[in-house]
Amino acid sequence: MPYETLLIESKDQITTITLNRPKSKNAMNPQMHFDMCEALVGVERDEDCRVLVITGAGDSFCAGMDVKEYFYDTEEKPAERAAARKAAFEWMFKRLRLLPKPTIAAVNGWCFGGALAWLAVCDFAVASETATIGLSEVNWGIIPAGGVTKLVSAMLAPRDALYMIMTGRPINGKQAAEMRLVNSAVPPEKLAEAVLDIAEELKKKNPTVLAYCKEVFRVDQNLTLEDAIAWETAKWTELDAIGKKTWHKGVKQFKQERTFRPGLETYEWKK
Ligand code: COA
């Protein structure tokens, strides 16, 4: 189904959502939040989709919130602002963060402000070395809010986080990789290939197990060690029960058939 602000393409079990407001540097207006909410429901339901990639059209990944349409134009329209904010939080922090499939951000260009919130909740991120990434809020008199400060701080060393938050100075993709805001940075012409490399690796894994890995990781962030041990044990047991013990195949392939080595590759979970 066509969206006003997004392009969606599915190929070889990899779905790519491209933010598609290139004239506005893919800034997120209210419509984009509504579209993302709907699109992510579709991705979750699509049984053929094994990996989600998100990127931006043109020279921009995402220039953050649309400062005019999201903030300024809704100044006197509290219901409209609330609806847009609700949709924004819904797609970023629930539908994307908790999507039971792997997600990869392909940071192709300009990336500012609110874009770092959903960049942070993607499972993986690869940047073009020449991408420009910044928390520019301070430059125009607001603070990085709506979870941005917390999520970025959770990824970076405190010195780097406060440097970005308080100076507003942007970094390039290479620096973002050094600071671990992204997994890696590659020359712009290699970005698609680098993203595909991760996606293909993920496609080899048992998708049910991947969904459990991700859910356990996300929930663990808010638990004490005691609670996390109990939670992980419970999820292990649940997966064992619902997963039809496919891990027995792994043991057999390793110990009896000697067809794979788990330290180095993935078992044949489909066989
Ligand atoms: N909100 C609304 N409009 C935006 C936008 C945003 N976040 N980012 C870019 N645009 C618009 C520009 O206003 C311009 O619109 P116009 O053609 O109607 O004048 C258009 O996108 C192109 O941007 P422009 O500034 O001309 O491109 P550039 O290549 O010179 O600079 C940026 C690109 C991204 C550096 C610059 O647009 C910018 O600083 N954007 C704001 C980024 C930001 O602070 N985001 C955080 C918001 S919370």
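Index from 1, following the sequence.
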Is a donor from one side chain sitting under 3.5 angstrom from an acceptor on the other, for [X] and [Y]?
X      : Y      : result
Trp110 : Asn26  : no
Ser10  : Thr15  : yes
Asp227 : Thr224 : yes

Assess whether side chain to side chain donor-acceptor pair (under 3.5 Å) is satisfied between Trp91 and Asp35, documenting all intermediate values.
CA-CA 9 Å; Trp91 79 258; Asp35 287 350; over 6 Å; no
Is it the case that over 12 heavy atoms from other parts of the model lie below 6.0 angstrom from the [atom1] atom of [X]?
X     : atom1 : value
Glu76 : CD    : no
Glu47 : CD    : no
Glu4  : CD    : no

With rounding to the nearest 0.5 angstrom, report the [atom1] to [atom2] distance, [X] to [Y].
X      : Y      : atom1 : atom2 : result
Met32  : Asn29  : CE    : CG    : 6.0 Å
Asn139 : Thr167 : CG    : OG1   : 8.0 Å
Glu90  : Phe34  : CD    : CZ    : 12.0 Å
Lys190 : Leu196 : NZ    : CG    : 13.0 Å

Could you tell me if the side chain of [Y] sits less than 4.5 Å from the side chain of [X], heavy atoms only?
X      : Y      : result
Leu52  : Leu40  : yes
Tyr163 : Arg169 : yes
Thr208 : Thr246 : no
Met36  : Leu6   : yes
Leu181 : Leu156 : yes
Phe89  : Arg85  : yes
Thr18  : Glu9   : no
Ile104 : Leu202 : yes

Would you please test Met28 and Asp66 for side chain to side chain contact (heavy atoms under 4.5 Å, CB included) and show each step?
CA-CA 5 Å; Met28 297 178 283; Asp66 187 308; 5.8 Å; no
Taking [Y]'s backbone N and O only, do any of them form a donor-acceptor pair with [X]'s side chain (distance below 3.5 Å, no angle check)?
X      : Y      : answer
Asn108 : Gly56  : yes
Asn172 : Thr132 : no
Arg50  : Lys203 : yes
Trp269 : Trp247 : no
Arg159 : Leu162 : no
Ser60  : Lys25  : yes
Arg95  : Met92  : no
Gln221 : Arg218 : no
Thr233 : Ile229 : yes
Asp12  : Ile14  : no

From Lys101, Arg97, Lys214, residue fulfilling salt bridge (Lys or Arg N to Asp or Glu O under 4.0 Å) relative to Asp123
Lys214
Evaluate the salt bridge (Lys or Arg N to Asp or Glu O under 4.0 Å) criterion for residues Lys252 and Glu257: first the C-alpha distance (whole Å), next the side-chain angles of each, then the deciding distance (0.1 Å), finally the verdict.
CA-CA 6 Å; Lys252 194 170 162 213; Glu257 299 168 5; 3.7 Å; yes
Phe260 and Tyr267 aromatic ring geometry - parallel, tilted or perpendicular at 30°/60° bounds
tilted
Give the ring-plane orientation class for Tyr70 versus His33, where under 30° counts as parallel, over 60° as perpendicular and anything between as tilted.
perpendicular
Same hydrophobic cluster for Met164 and Trp140, using side-chain heavy-atom links shorter than 4.5 Å among ILVMFWY?
yes
Does Val51 share a hydrophobic cluster with Leu191, counting links as ILVMFWY side-chain heavy atoms below 4.5 Å and allowing steps through other members?
yes
